[in-house]
Amino acid sequence: MATTKEALKLIRTYPRVAISNIKQRHNLGQKTKRRRDLFPKRGQAKHQTLPPLGFEGGQFPFYTRIPREPYYRNVSQRKEYVPLSLLQLQRMIDLGRVDPSKPIDLAALCRSKLIEVKSEYKHYGVHLTDEGADIFNAQVCLEVQWVDELAVAAIERAGSLVTTRYYDLRSLAIISNPEWFFSTARPLPVCKTPTGDVLEYYSSGKGRGYLADSADVDEQREELAQKYGYILPELSDRVKQLSLQKKNKLQIFHGLEPGWIINLTDKEIIKPTSPELKEFYATETML
């Protein structure tokens, strides 16, 4: 009787009687039964601990069945270089982002804010590529860390000079952010000698290395001109003067010697005076 009264009460209050708003007797208080899963999840699928994408179990996964390519050998220890094309360099000179009347080195390229070298990513400097070799016509004295052969030919055909120079990671961190280093009031370190894997490159005239003999560099310049079919032009007086401002193998910046402390607040340079410090900062340091 109580159920009937509740049903009649609902009918009186509802505006219209329909199947959707009529409660059937057998559904009142009845619990729905769960459907039994015929294929229950077990193991990792049950506990939502599936392996990451690309994981392959078994005795012989994919990366052990396929032999390693020689190209990827010691890839984690390989030096990286930020690419810079001759087209980009010519555009930077034309727009005044770098000054061609001064030697263009890694510090000048980083100062333009168009090249970003990060030592934490194992960037060991700039790699000059040959893109735009047919339009490069600037007369500059350039210093990079790696260079293509065709890029060397384009630079020397225009009456310019190029040198490859090695910097260790600490020196690269100072070059990329010199203001931060000068604010620490620490002396400029000595630029270390190249590691064994690149020592031969920076000591050969073919790569225009800064440790190469000048006679070897001149011989390689003549051979490269014969290979690409152009006559080496005579260097202008301005380029000759720029070549005389070349840094020694211990310097990081032009005009600043190792051991000097740059005081940005008082705008002065503090130089070492003791003979022991002078001898220390005049000695080559190996890695």
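- Taking all atoms of both residues into account, the shortest heavy-atom contact from Ala158 to Pro233 is C-CG, 4.5 Å.
- Closest non-hydrogen pair, Arg97 versus Ser112, comes out as NH2-O, 2.7 Å.
- A heavy-atom distance below 4.5 Å is not found between the side chains of Tyr166 and Lys249.
- The pair Lys206-Asp216 does not meet the salt-bridge criterion, since no charged nitrogen lies less than 4.0 angstrom from a carboxylate oxygen.
- Open room surrounds CD1 on Ile231; 12 or fewer heavy atoms of other groups in view lie less than 6.0 Å from it.
- Residues Glu80 and Val117 are not in side-chain contact: their nearest non-hydrogen atoms beyond the backbone lie 4.5 Å or more apart.
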_Residues Thr195, Lys79; criterion side chain to side chain donor-acceptor pair (under 3.5 Å); working and verdict_ = CA-CA 11 Å; Thr195 54; Lys79 294 177 172 61; 3.0 Å; yes
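- Put simply, the side chain of Ser101 does not reach to within 4.5 Å of the side chain of Val140, judged on heavy atoms.
- Between the CD1 atom in Ile115 and the CG atom in Leu109 there is a gap of 6.5 Å [rounded to 0.5 Å].
- A distance-only check finds a donor-acceptor pair linking the side chain of Asp168 to the backbone of Lys192 [under 3.5 Å].
- Side-chain atoms of Gln90 and Asp94 include a donor-acceptor pair closer than 3.5 Å.
- When every heavy atom of Gly209 is checked against every heavy atom of Thr164, the shortest pair comes out as CA-OG1, 3.1 Å.
- Side chains of Leu106 and Tyr167 form a contact here, defined as non-hydrogen atoms less than 4.5 Å apart.
- The number of heavy-atom neighbours closer than 6.0 Å to CD of Glu200, taken from other residues, nucleotides and ligands shown, is 12 or below.
- Dense packing is recorded around CD of Glu120, with more than 12 heavy atoms of other residues, nucleotides or ligands lying under 6.0 Å away.
- No side-chain heavy atom of Tyr81 sits under 4.5 Å from any side-chain heavy atom of Val144.
- Scanning all heavy atoms of the two residues, the minimum distance from Arg165 to Gln251 falls at NH2-O, 2.6 Å.
- Contact annotation: the side chain of Leu128 never approaches that of Asp148 to less than 4.5 Å [non-hydrogen atoms, C-beta and beyond].
- To the nearest 0.5 Å, atom CG of residue Leu235 and atom CD of residue Gln241 are 12.0 Å apart.
- Aromatic rings from Trp146 and Tyr201 are positioned such that their centres are separated by under 6.0 Å.
- By the neighbour-count criterion of 12 heavy atoms within 6.0 Å, atom CD of Glu268 is densely surrounded, having more than that number from other residues, nucleotides or ligands.
- Other residues, nucleotides and ligands contribute at most 12 non-hydrogen atoms within 6.0 Å of the CD atom of Glu116.
- A salt bridge links Glu149 to Lys227: at least one charged side-chain nitrogen sits closer than 4.0 Å to a carboxylate oxygen.
- If you take CZ on Phe181 and CG on Leu264, they are separated by 11.0 Å, rounding to the nearest 0.5 Å.
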*asked:* Using side-chain contact (heavy atoms from CB on, under 4.5 Å), reason through Arg78 and Lys122 one step at a time and then give a plain yes or no.
replied: CA-CA 8 Å; Arg78 195 176 302 169; Lys122 292 185 179 180; over 6 Å; no
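- By the 4.5 Å heavy-atom criterion applied to side chains, Pro272 and Phe280 are not counted as neighbours.
- Annotation: side chain of Arg221 is in contact with side chain of Leu232 (closest heavy-atom distance under 4.5 Å).
- The line from CZ of Arg170 to CD1 of Ile174 is 5.5 Å long, rounded to the nearest 0.5 Å.
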*Any chance you could lay out the salt bridge (charged side-chain N to carboxylate O under 4.0 Å, His left out) test for Glu257 and Lys271, step after step, and finish with the verdict?*
CA-CA 9 Å; Glu257 297 289 339; Lys271 303 179 181 180; over 6 Å; no
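- In terms of heavy atoms, Ala154 sits closest to Phe136 at O-CD2, 4.2 Å.
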